[in-house]
Amino acid sequence: MTALAAEVTGGGPVEVAGPGGWGPWVNGGAWLTVNGVAVDWILRDLDRVEGVWADCREGRYEVGIQPGHPLGFWSPAYAGEVALCRVLADPHGELTRLREESAHYPEPLRAALTGAVWEAGFSVTAARKTLGRDGGATGEGGGGDGDGQGEGDDALYVALCLSRAFGVLVQCLHARHRTWCLNEKGATAAAAALPHTPPEFARRVAAALRAPAARAVAEAEALVREVRAVLERGPEAGASSGTGPQTGG
């Protein structure tokens, strides 16, 4: 693989990560520059992809810890990559067959992923419970300068909870529209562009992540309520394809 990477980049030194070198869900690869263009060369284990696709059809998925994926690696991304790929070489026809199968977003997967909205609400509630607390420091909480940022707020915990909540909402919205979400990069903007998404979704998420803690939590609670309302309306009749707008990276 190192020799091949060096060949396509013009012969310069290339560091290639073997299986597991970049973590449990990215099966290795390299960051290449080809004719001046940055190219992510990512390896996938086709047997594992087929297993994930079988799980997706049954409404099962995993979220694994993976460097480079702060929201975690959501296993349906494997199926989404196949559904959206352009096959360049496939001597045994396996990839082409998988691509044809995954062109239709499985209803059990849609139901499972939209059902994850409970976690978004749970994360926001957890963030609210820490307002005015500093995880054991001596601050009394409730202090601050009137802008909703208490001196005792556990800023890291609140930020992590809200980031997680917004990421889950993005996954729910993609699934509601039967649209593949491949990773976090650009995912908020992609979700905001979908037809049945709360108004100004991306702007509100960005503003909340910059806001003082109490204000951010209140905005997150509102977004959870609005996304729940979207999900409760259910998918449109006849919308079964997974090849609409999607998030890549």
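What you see is a predicted model, and the numbers here were worked out from it, not measured in a lab.
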Practice problem: Run the numbers on L169 and V117 for side chain to side chain contact (heavy atoms under 4.5 Å, CB included), then give the verdict. | Solution: CA-CA 6 Å; L169 293 182; V117 70; 4.0 Å; yes
Self-check item: Same apolar cluster: V49 and V26, side chain cutoff 4.5 Å
Solution: no
Quiz item: Which atom names give the shortest non-hydrogen contact between A6 and T9, and what distance separates them?
Solution: O-OG1, 3.2 Å
Quiz item: Cluster question for you: counting only ILVMFWY and a side-chain heavy-atom cut-off of under 4.5 Å, with indirect links fine, are V34 and V16 together?
Solution: yes
Quiz item: With a 3.5 Å cut-off and no angle check, do the side chains of T130 and D154 form a donor-acceptor pair?
Solution: no
Quiz item: Does the H177 side chain pair with the main chain of L173, one donor and one acceptor, at a distance under 3.5 Å?
Solution: yes
Quiz item: F122, Y157: one ILVMFWY side-chain cluster at the under-4.5 Å cut-off?
Solution: no
Self-check item: Close side-chain approach of R99 and D90, heavy atoms under 4.5 Å
Solution: no
Quiz prompt | Cluster check L160, V124: I/L/V/M/F/W/Y, side chain < 4.5 angstrom | solution = no
Practice problem: Would you check if V205 and L223 make a side-chain contact, meaning some heavy-atom pair closer than 4.5 Å? | Solution: yes
Quiz item: Is R57 salt-bridged to E107, going by a charged N under 4.0 Å from an acidic O?
Solution: no
Practice problem: For the residue pair F201 and T188, establish whether any side-chain heavy-atom pair is separated by less than 4.5 Å. | Solution: yes
Practice problem: Let me see the working for L162 and V158 under side chain to side chain contact (heavy atoms under 4.5 Å, CB included), right down to the final yes or no. | Solution: CA-CA 6 Å; L162 297 189; V158 171; 4.0 Å; yes
Practice problem: Hey, could you give me the CG/CD distance between L209 and E219, rounded to the nearest 0.5 Å? | Solution: 10.5 Å
Self-check item: Salt-bridge criterion met for R176 and E232 (N-O under 4.0 Å)
Solution: no
Quiz item: salt bridge (charged side-chain N to carboxylate O under 4.0 Å, His left out) with R225: which residues, sequence neighbours excluded?
Solution: none
Self-check item: Reported CG-to-CD1 distance for the pair L71 and I65, which is rounded to 0.5 angstrom
Solution: 12.0 Å
Quiz item: Just by modelled atom types, is the R110 backbone N or O under 3.5 Å from a matching donor or acceptor in the R178 side chain?
Solution: no
Quiz item: Is there side-chain contact between L109 and L113, with at least one heavy-atom pair below 4.5 Å?
Solution: yes
Quiz item: Taking all non-hydrogen atoms of both residues, which atom of L131 and which atom of A214 are closest, and how far apart?
Solution: CD1-CA, 3.9 Å
Quiz item: What closest approach, in Å, do H174 and A190 show between heavy atoms, and which atom pair accounts for it?
Solution: NE2-CB, 3.8 Å
Quiz item: Considering all heavy atoms of both residues, which atom of A127 and which atom of C161 are nearest to each other, and what is their separation?
Solution: CB-CB, 3.8 Å
Practice problem: Evaluate the side-chain proximity of V63 to S75: yes if any heavy-atom separation is below 4.5 Å, no if none is. | Solution: no
Quiz item: Which residue pairs pass the salt bridge (charged side-chain N to carboxylate O under 4.0 Å, His left out) test when at least one of the two sits in residues 188-203, sequence neighbours left out?
Solution: E200-R203
Quiz prompt | In one Ile/Leu/Val/Met/Phe/Trp/Tyr side-chain cluster, 4.5 Å: M1, L32 | solution = yes
Practice problem: Check whether any side-chain heavy atom of C181 sits under 4.5 Å from a side-chain heavy atom of Q171, and report yes or no. | Solution: yes
Exercise. Please test R204 against E226 for salt bridge (charged side-chain N to carboxylate O under 4.0 Å, His left out), starting from the C-alpha separation and ending with a verdict.
Key: CA-CA 12 Å; R204 293 165 66 189; E226 292 175 36; 2.7 Å; yes
Quiz item: Roughly how far apart are L98 CG and E81 CD, rounded to 0.5 Å?
Solution: 12.0 Å
Quiz item: Of all heavy-atom pairs between C56 and A79, which one has the smallest distance, and what is that distance?
Solution: SG-CB, 4.3 Å
Quiz item: Got a donor-acceptor contact below 3.5 angstrom from the D55 side chain to the R60 backbone?
Solution: no
Quiz item: In Å and rounded to the nearest 0.5 Å, what is the CD to OG1 distance from E101 to T96?
Solution: 11.5 Å
Quiz item: So, for T197 and A191, which heavy atoms are closest and what is the spacing to 0.1 Å?
Solution: OG1-O, 2.8 Å
Quiz item: Roughly how far, to the nearest 0.5 Å, is the CD atom of E184 from the OG atom of S163?
Solution: 10.5 Å
Quiz prompt | Note: E100-R97 ion pair, threshold 4.0 Å (strictly below) | solution = no
Practice problem: Give every residue pair that meets the ring pair (Phe, Tyr, Trp, His ring centres under 6.0 Å) criterion with at least one member in residues 15-56, sequence neighbours excluded. | Solution: W22-W31, W25-F73, W25-Y78
Quiz prompt | Atom pair CD/CZ of E221 and R128 - distance to nearest 0.5 Å | solution = 4.0 Å
Quiz item: Tell me, do W180 and L182 make a side-chain contact under 4.5 Å, heavy atoms counted?
Solution: yes
